[in-house]
Every structure is written in C-alpha cells, then in structure tokens.
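Working notes, structure below.
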Amino acid sequence: MNMSGKSAYDVLYERGFIEQVTDEEPIQSLLEKETVTCYIGFDPTAASLHIGSLVPIMSLVHMQRCGHSPIALVGGGTALIGDPSGKTEMRRILTRDEIDANAEAIKKQLSQYLDFGEGKALLLNNADWLAKLNYVEFLRDIGRCFSVNRMLAAESYRIRLETGLNFIEFNYMLLQSYDFYYLCKHYGCILQMGGNDQWGNIVAGIDLTRRLEEKKIYGMTFPLLTTSQGHKMGKTEKGTVWLDAALTTPYDYFQYWINTEDADVKRFLGLFTLLPVEEIKESEKLVDSELNMAKAVLAFEATKITHGQGAAIAAWGAAVNNFGLKPVSPNLFPSSSIPRTSADLDASAIPTVEKTRAELEGGIPAFELFYDVDLCASKGEARRLIVQGGAYVNGRQVEVFDEKIGEGNIENSEIHLRKGKKQHMVIRVS
RNA sequence: GGAGGGGUUCCCGAGUGGUCAAAGGGAGCAGACUGUAAAUCUGCCGGCGAAGCCUACGGAGGUUCAAAUCCUCCCCCCUCCA
C-alpha cells in the first residue's frame, strides 16, 4: 500500500498495465495484504534496454513504491538460448562474453529506476543457476513435468511451427519455468510479470512450481504496446530508442515522446510517467493543439525518469527554442516538475558539433556539411534533401546543393543547420 | 540419410542470360496541409560532386562478349519420407 491507499493492483490496473492475470481475486488480495516478491526477466541481448522494456520497468517501479519487493532478473542464462516467443525467426545466438557484458550494462541501467538497496529489490542473473544445470538431471527432474503436446499448443510455439523451431529454442520455456520455480523456492517469489508474449512461459512456470512444490503462484502480463497506428514502439528514423544516453541522447528521447500520436497520449502518461491518474484524467479535456501541452509533460516526465531532471529541463529548453513549444499552464499536471515559464531557458541539449574557424575557411559545400555533421547518411541523401528544399542554414532555405557555407554564416559563434522541420544541429565555431 | 522447394536491396516479395541498382508493397526521408499529431496528396529512397564508375541478389569457383538469372562444390532454411 502506498500513501494514496491504493493497492499495487489498483495502481497497475488504472494505469493500464494489466493485460491478463492468472487469478484475479487472489492476486488482488495478495497485493493488498502482503509484501509480495515479484519478478520480471530482462533479456541481455543488447548492451542497453530500449523503450520496449519500459512498461515492465515501470511496473516494477510501481510495485516497489507500493511496498512490494521486485526482482529484476537479467537473463544471462536464457539469452544463451534465445526466446522464440513472438519471433518469426530464430535470433542470432550471442556468445557468452557478449551476454555477460550486456548483463552488466543492463544491471546498471535498471538501477536508475529501482532502488536496489538492502531488502528493497534484487537484481539477479539466471546464469548463476542455469549454467550449472546438469542435462540428465534436468531432464529427469524438470523435463518430465512438461507435456510436449501442451507446449506445441502454446501460441508462442504455434507460430514458429509454421516456419520451423529448433530444439534449443523449444527448451526456452523449460528454462524460464525453472527460473520461476527457482525464484519461488529460494527467494519466495510468487508473482511473475511480463509482456503478454510471455504468457505461455509464465503459465508453464506456475505449473512446474505447483508440481514440484505444490505451491500456488501467479502471473500477470502487460499489453504489448504498439502505437494507435499499429506501429511498433520505439523505432524512429534514427533506429531504436534506447534508454542509454550514449545511444539515444536525452534530447532525442524527449523528441520521441513529444511526437506521440494524439490517441496515445493519455495511455502513455499512465504507463510512462508517475503523475497521479487524477491529473492524467484531467488532460482528457484538452483538444486539438492543446494536447501538445500534455505531450510536453509526457516527454518531460519520461525523460526525467530515465535521464534525470537536469537533462529533462535541457531537452525541454531545446524544444522551446527549436519548436516554439508553449509553456504548460500551471493548473495542468500540478505534480509535474516541468518548467512553467521559459525564463530560465537552457538550450544546451540541442545536438551540437564543434568546428574551428579554420575548418570553415573558404566555405564547405552545403551537401557536404550536412553529411559531415551527420544530418544525412550520405552525400547523395544530402543533395536530394537540398534539392527538395528541406535544408536550412540559420533558418534560411538552402537553394543550391553546393552553396558554400562558411564564416559568413556564423552568428554568435554558431551556425544553425536544420533538416526538414524537426532535425536541428548547431555548429559551434571556436 | 533420401526426394523436393527455397536463400534477392532495411523488411516482405517479383524477377530465371542482356532492356536490372533489380517490379510491387511496407518502413524511412523531404515537400504541401497542420498542432513537432494523425490522415491525405506529391517527390525521393545503394555509394561516389556530372558523364560514367564502383558495390550489391547465401558463399566459393566456372561457362559467356554479357550472370540475380546457366554449371560445379559448399553453407543455411523449409516440406515430405526415414
């Protein structure tokens, strides 16, 4: 229970986290009355999590805030196998070293969201127990509890049966089930949560634990997010939106969220911010372009959670500067710490490259410059951009593809480049 | 192990000797319209400052003036049989 008197179940439910639960009533009362240890697995298949993992992360945050005891399980062991759920193709099998390195990085990342202080939350790696398993013993003790018939009926496998599924992937379910059993036995974990594609794996773990321990445990899944347009979350022109500031800058992260489609704003505020639901409901009254204020708050709060208040303010400042973002009125989202005036503007988050005066001497053809500062992936693309009228220098459209940009364009030691309406780049001249 | 079908550009997918940087769709980029939204319409969509050249149709060789297309070997995937 948190201060508001809401149980974790209520919180998760009203914020839109819950897609399916194994047993609604028992889970509700459990979360109301006891300190529940729950877990979610995170795949260390990359060195950073991306926003696809944000729903699970936020769910653990809420669990912790409500006084429960989350376990974030890094799947160092299961990643050696590769989860086939929701995939149409087998994924590349990573080496042990790659996975270990990724697991380490992900641990650090999760620490930004959850307090792993003594007794508050745990961060475990299933390689610690899975890697030690003995094949024959495992088959005898665990394998015998699984019905191949039932496994084949699982949604996650059925899709793959059409294109092919090999034995290593087929075993993934057993290992994840074993994780749940292991965490239940050794850590008292009785609830596993995850994306809805994990339903089959979660249920299998519950069955296994019932058979081995005669203990009833539970599962909860989250909706798999797509935007209202059915697009996958977290993909932009620059690729995946990562949680690591080195891979996706706070500025780009902020931009990703502020570009949320109208229809998704309310849902996303519930899932990706910690603002009270009552305030989020208020935002329903916003119509048309007023909705952009709610988007600004969403972007600000989401950036704050991942990158901190300072980075969020800087990203917001850059948005005010570049896009004329309007301040959010004080009576909207009173809990948000978004700046309400542009008085103390900090635009330092605009992407910047450094150049010396000497480099600009004589001028650089515009298309080369756009390529050089990474606004365009190739010179050809830069040429097309300019020809199509999408390139700007200090707000002025570039008309000739090889127009020389140089000292003459420096204003206040800066040259401001823009690609289309949204992508800005400042050249700071020293 | 045997028989058959496949592996094409970011993804799906057409192409089966020159007209192929490769149809079509999706994604993406830009423009118009807007509200940094959606929808719609238009243009673009391998690289190189033009001609032209280079790189690309699983991998390695070969045939040919010419190969994504034909031949040989290899790798991988699927289906049926064992």
Side-chain angles (χ1 to χ4, degrees), chain A residues 84 86-93 159-169 226-241 251-269 283-284 286-300 302-303 315-328 347 349-351 363-372 374-392 395 397-405 417-425:
Chain A
K87 313 266 179 328
T88 50
E89 264 175 52
M90 180 163 169
R91 58 167 77 161
R92 189 172 78 86
I93 292 185
I159 302 166
R160 285 299 299 278
L161 277 154
E162 284 163 28
T163 55
L165 175 73
N166 62 20
F167 192 65
I168 186 172
E169 295 174 288
T226 52
T227 68
S228 294
Q229 298 307 309
H231 296 142
K232 256 192 205 139
M233 289 283 296
K235 301 283 180 190
T236 69
E237 64 276 10
K238 287 176 184 161
T240 306
V241 181
Y251 170 83
D252 285 325
Y253 193 79
F254 184 98
Q255 286 298 317
Y256 176 79
W257 291 110
I258 204 166
N259 278 305
T260 296
E261 294 164 23
D262 287 6
D264 294 323
V265 174
K266 191 188 152 214
R267 188 162 57 118
F268 287 2
L269 281 165
S283 72
E284 276 180 346
L286 298 172
V287 290
D288 300 332
S289 60
E290 284 174 2
L291 244 187
N292 287 349
M293 282 195 252
K295 292 185 189 182
V297 170
L298 167 64
F300 180 85
T303 306
W316 169 82
V320 171
N321 256 8
N322 282 345
F323 299 102
L325 183 66
K326 292 186 195 72
V328 176
I350 298 177
I364 301 173
F367 74 101
E368 283 188 14
L369 187 62
F370 274 75
Y371 166 72
D372 185 49
D374 269 351
L375 277 173
C376 296
S378 69
K379 292 180 189 174
E381 187 187 314
R383 290 183 57 141
R384 273 177 245 128
L385 174 77
I386 295 167
V387 169
Q388 296 189 115
Y392 298 81
Q397 191 175 57
V398 180
E399 279 161 15
V400 186
F401 81 95
D402 59 353
E403 179 180 325
K404 292 272 173 66
I405 308 299
L417 303 184
R418 177 154 65 87
K419 174 188 180 188
K421 276 180 289 193
K422 296 188 190 176
Q423 296 181 58
H424 297 254
M425 181 66 70

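Per chain, numbering begins at 1; letters A, B, ... match sequence-line order.
Taking atom C1' in both B:C53 and B:A21, the straight-line distance is 13 Å, to the nearest Å. Between B:U9 and B:A60, the distance separating the two P atoms is 15 Å to the nearest Å. Taking the C1' atoms as reference points, B:A51 lies 46 Å from B:G35, given to the whole Å. Comparing B:C41 with B:C54, their C1' atoms sit 37 Å apart, to the nearest whole Å. A distance of about 9 Å separates the C1' atoms of B:A67 and B:G18, rounded to the whole Å. Spacing of P atoms, B:U69 relative to B:G7, comes out at 11 Å, to the nearest Å. Separation of the P atoms belonging to B:G47 and B:A38 is 26 Å when rounded to the nearest angstrom. Distance check on atom C1': B:C71 versus B:G17 gives 13 Å, rounded to whole Å.
Closest contact between the side chain of A:Arg383 and the listed nucleotides B:G35, B:G49, B:G31 involves B:G49. Checking B:A38, B:G31, B:G49 against the side-chain heavy atoms of A:Tyr392 singles out B:G31 as nearest. With distances taken from any side-chain atom of A:Asn292 to the nucleotides B:G35, B:A50, B:A30, the minimum falls on B:G35. Distance from the side chain of A:Asp262 is smallest to B:A37 among B:G49, B:A37, B:U36. Ranking B:G35, B:C29, B:G31 by closeness to the A:Lys421 side chain, first place goes to B:G31.
Rounded to the nearest 0.5 angstrom, A:Asn292 CG and A:Leu298 CG are separated by 11.5 Å.
The CG atom of A:Asp288 sits 14 Å away from the P atom of B:U34 (whole-angstrom rounding). One interatomic measurement links the two molecules: CG of A:Asn322 to P of B:G35, which rounds to 18 Å at whole-angstrom precision. The NZ-P distance, from A:Lys419 to B:G28, rounds to 13 Å in whole Å. As rounded to whole Å, 14 Å separates atom C1' of B:C29 from atom CD1 of A:Ile386. Spacing between atom OH of A:Tyr251 and atom P of B:U36 amounts to 13 Å, rounded to whole angstrom units. As a whole-Å value, the separation of A:Gln397 CD from B:A30 P is 13 Å. Rounded to an integer number of Å, the gap from A:Met425 CE to B:C29 C1' is 16 Å. Per the geometry, CG belonging to A:Leu291 stands 13 Å off P belonging to B:U36, to the nearest Å.
Environment of CZ in A:Phe401: crowded, with over 12 heavy atoms of neighbouring residues, nucleotides or ligands closer than 6.0 Å. Within a 6.0 Å radius of NZ in A:Lys419, more than 12 heavy atoms belonging to other residues, nucleotides or ligands are found.
The aromatic rings of A:His424 and A:Phe323 sit perpendicular, their planes meeting at an angle over 60°, well past the 30° parallel limit.
The two atoms that bring A:Ile350 and A:Ala318 nearest to each other are CG1-CB, 3.4 Å, heavy atoms only. The heavy-atom pair separating A:Ala382 from A:Cys376 by the smallest distance is CA-SG, 3.6 Å.
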Audit row: A:Asp402, A:Arg383, salt bridge (Lys or Arg N to Asp or Glu O under 4.0 Å) steps and yes/no: CA-CA 8 Å; A:Asp402 59 353; A:Arg383 290 183 57 141; over 6 Å; no
Residues A:Val265, A:Leu286; criterion side chain to side chain contact (heavy atoms under 4.5 Å, CB included); working and verdict: CA-CA 11 Å; A:Val265 174; A:Leu286 298 172; over 6 Å; no
Step-by-step side chain to side chain contact (heavy atoms under 4.5 Å, CB included) determination, A:Leu375 to A:Gln423: CA-CA 8 Å; A:Leu375 277 173; A:Gln423 296 181 58; 4.1 Å; yes
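B:U19 makes up no base pair with any nucleotide shown, lacking Watson-Crick or G-U wobble contacts both under 3.5 Å. Within the shown strands, nothing qualifies as a pairing partner of B:U36 under the Watson-Crick or G-U definition with both distances less than 3.5 Å. Remark: B:A30 base-pairs with B:U42; criterion is Watson-Crick or G-U wobble with both hydrogen-bond distances under 3.5 Å. Remark: B:G24 base-pairs with B:C12; criterion is Watson-Crick or G-U wobble with both hydrogen-bond distances under 3.5 Å. Using Watson-Crick or G-U wobble geometry with both donor-acceptor distances under 3.5 Å, B:U79 finds its partner in B:A3.
Among the protein residues, A:Ile258 comes within range of the nucleic acid bases, having at least one heavy atom under 4.0 Å from a base atom. Using a 4.0 Å heavy-atom criterion, one finds that A:Ala319 contacts the bases of the nucleic acid, with or without backbone contacts as well. Base engagement by A:Lys295 is indicated by at least one non-hydrogen atom pair under 4.0 Å involving a base atom.
Taking side-chain N and O atoms only, A:Lys422 has no distance below 4.0 Å to OP1 or OP2 of B:G28.
A search for salt bridge (Lys or Arg N to Asp or Glu O under 4.0 Å) contacts involving A:Glu399 returns nothing, not counting sequence neighbours.
With RNA chain B read from its 5' end, the first of the two nearest nucleotides for A:Gly389 and A:Gly324 is the one closest to A:Gly389. The 5' end of RNA chain B is approached more closely, in terms of each residue's nearest nucleotide, by A:Ala391 than by the other of A:Ala391 and A:Gln255.
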Contact pattern, 5' to 3', of nucleotides 40-46 of chain B - B, S or - by protein heavy atom under 4.0 Å: ---BSS-
